[in-house]
Amino acid sequence: MNHTLDAKRMLCPMPVIRTQDKIKTLSAGDVLEVVCTDPGALQDVPAWCRINGHKVLETKTTDDEVFIIIEVVE
Amino acid sequence: MSKQRKAVSLISGGLDSLLATQVILDQGIHVEGINFFTGFCVEGHTHAIRKQDKDKVKRNNALWSAEKLGIKLHIIDVIEEYKDVLLNPKHGYGQNMNPCLDCKGFMVKKALEWIKENDFDFIITGEVVGQRPMSQRRETMPVIQQESGAGDLLLRPLCAQNLPETLPEREGWVDRDKLLNFSGRTRKPQMALAEKFKFEGYATPAGGCCFLTDKNYSDKLVDMWEHRSSRDYELDDLMMLKVGRHIRPNENFKMIVGREQGENKFMEGYRNMYPYIHSTSHKGPLTLLDGTVSDEDAELASRIAARFGQGRDEDEVEMAVKYPDGKELLIKVKPIAKDEISEDWYV
């Protein structure tokens, strides 16, 4: 199942905390798109995923926003 | 087979917690990290705002530490609960608005709750006896154990040999002989141990990991409280203290003037919460107004804001003042002269 998390206007580590809390409610195989405006999230959210075993499928940036697409791993 | 013992480590992102965790990992203990976000953590909202900092490496040092150590990290939002620690510190403040002793006790207490909920055995921190003037003195370290309720479940691996035995040592979960005896303010033993562990690129934040130890930040926080009916605050208030020039030309309102493009951009997100000023005739900063602002105040604020724009030397610039309720004023003002801005206005 695909989910979206709006973490715009939050500064790190809030996008990480929100991602962490959201993933707790998801199941293995679910895909979560996190949308942020803090460019620091591009570093921090994937780092959190690496240490907690979740898979970053894609990251992309526009002028104002950062998108991180994560597959939840059990 | 003996039970696999588990510890949670308070990971700040600094060197001491990194080392303390590695010392315990090396004894075969399963360690996971915990990092509490109070709203004042330097880790958070500094690097994201200013455009001039965009080229700097953006990393959260707690996450970096966890990755180096190969452990899980749980980042926990304690903003609401932390208010009571900051507003009513039993042991008072340090040099600025830093309630270090209460803060450490609070964090260890939260860690104790966490280990109970998650079936872990004990807590470790990177504290070193004599390292810091408030929370890491020989007399205050037992206070943290006592007031947090953690008692002898709290192990400080870097200085354990200077302290009474804890439960993990008595029970043989960890070998006291392999713990350390660091003390005092010198950082040399930590640096030598980092070298031994081959840790490179670790963070060395001056003044620690908390904005409350910073005088400028603390001054702005106190000013905010003094000009509000309550000392309560929200995360957005804390963010605003970190951004822009803060100028209080009048008791009833404060101006927050963006210093550069990145700050202006960040502050744009707050235009629905505060009255704001921008110039319609010249390039210039975005200015947020915090407080109660009369039309007369808006004119004074416009003159001051114009001082920081490209029309500063013009006889007249046009400024727009917009309010969250939709009201808008377009006013023509002469930018205030540099020497008319009192030094006392700067918070």
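Bear in mind that the values here come from a model prediction, so they are computed numbers and not experimental data.
- Taken to the nearest 0.5 Å, the NE2 atom of B:His74 stands 13.0 Å off from the CD1 atom of A:Ile17.
- Only the backbone of B:Ile71 comes within less than 4.5 Å of a heavy atom of chain A; no side-chain atom from C-beta onward does.
- B:Glu67 CD to A:Trp48 CH2: the interatomic distance, rounded to the nearest 0.5 Å, is 13.0 Å.
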Hey, mind stepping through A:Thr37 and B:Phe266 against side chain to side chain contact (heavy atoms under 4.5 Å, CB included) and telling me if it holds? CA-CA 9 Å; A:Thr37 45; B:Phe266 177 74; over 6 Å; no

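- Between B:Ile79 and A:Met14, the closest side-chain pair of non-hydrogen atoms falls below 4.5 Å.
- Within 6.0 Å of the NZ atom in B:Lys83, the count of heavy atoms belonging to other residues, nucleotides or ligands exceeds 12.
- Judged by the 6.0 Å and 45° rule, A:Arg9 forms a cation-pi pair with B:Tyr270.
- Closest approach of A:Gln20 and B:Ile75 over heavy atoms only: NE2-O, 2.5 Å.
- Looking at residues two or more places apart in sequence or on another chain, you find a side-chain hydrogen bond (donor to acceptor under 3.5 Å, both in side chains) between B:Asp26 and B:Gln22.
- The distance from the CG atom of B:Leu73 to the CG atom of A:Asn52 is 7.5 Å, given to the nearest 0.5 Å.
- Here the shortest heavy-atom pairing between B:Leu63 and A:Val16 reads CD1-CG2, 4.3 Å.
- Neither the backbone nor the side chain of A:Asp21 has a heavy atom closer than 4.5 Å to any heavy atom of chain B.
- The number of heavy atoms from other shown groups lying within 6.0 Å of NZ (B:Lys265) does not exceed 12.
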Please determine whether side chain to side chain contact (heavy atoms under 4.5 Å, CB included) holds for the pair A:Met10 and B:Leu235, giving the CA-CA distance in whole Å, both sets of side-chain angles, and the decisive distance to 0.1 Å. CA-CA 10 Å; A:Met10 291 178 192; B:Leu235 183 58; over 6 Å; no

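- Proximity of a side-chain donor or acceptor of B:Asn60 to a complementary backbone N or O of A:Asp44 within less than 3.5 Å is not detected.
- When the shell of 6.0 Å around CD of B:Gln4 is examined, it contains more than 12 heavy atoms from other residues, nucleotides or ligands.
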